[in-house]
Amino acid sequence: MPELPEVEALKDFLTDHLVGHEIVRVLPVAISVLKTYDPPVTALEGREVTAVRRHGKFLDLETGGGPHLVTHLARGGWLQWKDPLPDGPARLPATAPQRRASRGPSLMRPGKGPLALRVALETGAGFDLTEAGTQKRLAVYVVRDPAEVPGVARLGPDPLADGFDEERFARLLAGERRQIKGALRDQGLIAGVGNAYSDEILHAAGMSPFKLAASLTPQETHTLYEALRTTLTEAVARSRGLAAGRLKAEKKGGLRVHGRTGEPCPVCGDTVREVSFSDSSLQYCPTCQTGGKPLADRRLSRLLK
């Protein structure tokens, strides 16, 4: 899933490529991707893009005198810039009779094609929003104000904002009777941090993902705050200036423990371990984070019984 650093880099990329240009067509190929219907997507057409902003993991395209196009890429979504866009319009998913009548592969099967939405500019360039996998969670909103998007309205503070200091961070964690991993991922508490970067932040802080947030000492809070800011700032710096198509590889290459189960920790050489859940997993280094003790993997324990 794209998180704060990748969405920040996409924001910068789109600022350079979209601002000052006119949107001439918005084509939702997968109708389910649209979560709003008033204003219609056609209200964006003929409008100039005046700014691109980020709200947590949401991308926000602002148009002059018109609505905003707000996107959440979710787990399998991505933005693909194309200059020029392919010739001819993107095809809508075929109906069952059309699929039976077609002898070729040109018509997409409903829900199977990755293309979800296409935005075309007056220059002939534009971008596609695509989504891999069978779980379709990519979301697009056309709204008069980004605050109309429920996910944006509930966002906590941005951890890279100037006003996000250690004192504010400590207040957010006070009274949080849950594991620090879950607290960092809660978009209503802190905006933009997901599964991957929460693993990286906790590794940099030398902290167990199972530690209760409310139990942190002032020194531990300080260490975690510094790890949060440094990890995200460095990730943004690595991604800045890259083309949209290179951001996924940059993210994967920059991760120390997330997604690296079984590999040596780059800090101490211990083996990176994993705890699995029903819909996700976390990675950590026992030596760096848990005093050398492996964390209980309840899912694995059930499988072994």
Side-chain angles (χ1 to χ4, degrees), residues 1-6 57 75 156 159-160 166 169-170 172-187 189-239 247-305:
M1 176 184 291
E3 299 179 32
L4 185 155
E6 295 77 51
K57 301 178 192 177
R75 180 172 293 181
L160 293 186
E166 186 176 332
F169 181 59
L172 289 173
L173 296 182
E176 285 290 329
R177 306 298 302 178
R178 54 177 162 168
Q179 295 169 352
I180 188 62
K181 165 81 174 180
L184 290 175
R185 292 184 62 188
D186 184 349
Q187 299 305 293
L189 193 70
I190 300 171
V193 179
N195 194 35
Y197 284 107
S198 58
D199 281 351
E200 297 299 298
I201 291 163
L202 290 168
H203 178 255
M207 188 172 295
S208 169
F210 287 0
K211 188 176 184 66
L212 290 180
S215 71
L216 268 61
T217 65
Q219 181 57 49
E220 288 172 331
T221 300
H222 170 76
T223 300
L224 185 59
Y225 173 78
E226 291 296 324
L228 170 70
R229 297 274 287 197
T230 300
T231 299
L232 295 178
T233 299
E234 290 179 351
V236 169
R238 289 195 306 268
S239 300
L247 289 173
K248 286 185 178 180
E250 170 53 45
K251 176 181 181 178
K252 185 175 181 180
L255 299 176
R256 293 187 169 195
V257 292
H258 184 80
R260 300 194 181 278
T261 303
E263 297 181 21
C265 169
V267 175
C268 72
D270 194 2
T271 301
V272 174
R273 294 180 180 257
E274 177 176 310
V275 176
S276 298
F277 305 97
S278 60
D279 62 348
S280 66
S281 63
L282 65 83
Q283 285 79 43
Y284 69 100
C285 170
T287 295
C288 292
Q289 297 177 252
T290 61
K293 298 178 180 179
L295 297 172
D297 189 338
R298 296 180 180 88
R299 185 182 183 192
L300 179 61
S301 298
R302 288 196 298 271
L303 292 174
L304 294 176
K305 287 182 180 180

Problem - Side-chain donor/acceptor of N195 to backbone N/O of L282, under 3.5 Å - result: no

Practice task
Among residues two or more places apart or on two chains, list those pairs meeting side-chain hydrogen bond (donor to acceptor under 3.5 Å, both in side chains) that have a residue in residues 254-269.
Solution key: D199-H258, H258-Q283, R260-E263, T261-E274

Exercise for the section: Kindly give the heavy-atom pair with the smallest separation between A204 and T231, and that separation in Å. Expected result: CB-OG1, 3.9 Å

Can I get a per-line list of side-chain donor-acceptor pairs under 3.5 Å for residues 206-216, giving both atom names and the distance, sequence neighbours left out?
{"unit_1": "S208", "atom_1": "OG", "unit_2": "F210", "atom_2": "N", "d": "3.1"}
{"unit_1": "S215", "atom_1": "OG", "unit_2": "L212", "atom_2": "O", "d": "2.7"}

Problem - V236 vs L4 side-chain heavy atoms within contact, under 4.5 Å - result: yes

Practice task
State, with a plain yes or no, whether a side-chain heavy atom of Y284 is found less than 4.5 Å away from one of C265.
Solution key: no

Fill in the blank from the handout: Heavy atoms of P286 and T271 approach each other most closely as CD-O, 3.5 Å

Fill in the blank from the handout: Heavy atoms of P264 and V272 approach each other most closely as C-CG2, 4.3 Å

Handout entry: Side-chain H-bond candidate by donor/acceptor type, Q289 with H203, under 3.5 Å
Key = no

Handout entry: Atom pair CD/CZ of E3 and R185 - distance to nearest 0.5 Å
Key = 8.0 Å

Exercise for the section: Without swapping roles, check the side chain of K252 against the backbone of L247 for a donor-acceptor pair under 3.5 Å. Expected result: no

Exercise for the section: Could you walk me through whether I180 and L173 pass side-chain contact (heavy atoms from CB on, under 4.5 Å), step by step? Expected result: CA-CA 9 Å; I180 188 62; L173 296 182; 4.0 Å; yes

Practice task
State, with a plain yes or no, whether a side-chain heavy atom of R273 is found less than 4.5 Å away from one of T290.
Solution key: no

Problem - Name of the residue among L232, L184, I201 meeting side-chain contact (heavy atoms from CB on, under 4.5 Å) with P159 - result: L232

Exercise for the section: Check L224 against A205 and note the closest heavy-atom contact, atom names and distance. Expected result: CD1-CB, 3.9 Å

Handout entry: Check: T223 and Y225 side chains under 4.5 Å, non-hydrogen atoms
Key = no

Problem - Pairwise side-chain contact, L228 with F169, heavy-atom cut-off 4.5 Å (strictly under) - result: yes

Exercise for the section: May I ask you to test the T287-V267 pair for a side-chain heavy-atom distance under 4.5 Å? Expected result: no

Fill in the blank from the handout: Heavy-atom closest pair (S239 atom, E250 atom, distance to 0.1 Å) is OG-CG, 4.0 Å

Handout entry: Listed partners of E200 passing salt bridge (charged side-chain N to carboxylate O under 4.0 Å, His left out), at least two apart
Key = none

Fill in the blank from the handout: In short, S198 meets G194 closest at the heavy-atom pair OG-O, 2.8 Å

Exercise for the section: Look at K57 together with E6 and state whether they make a salt bridge at an N to O cut-off of under 4.0 Å. Expected result: no

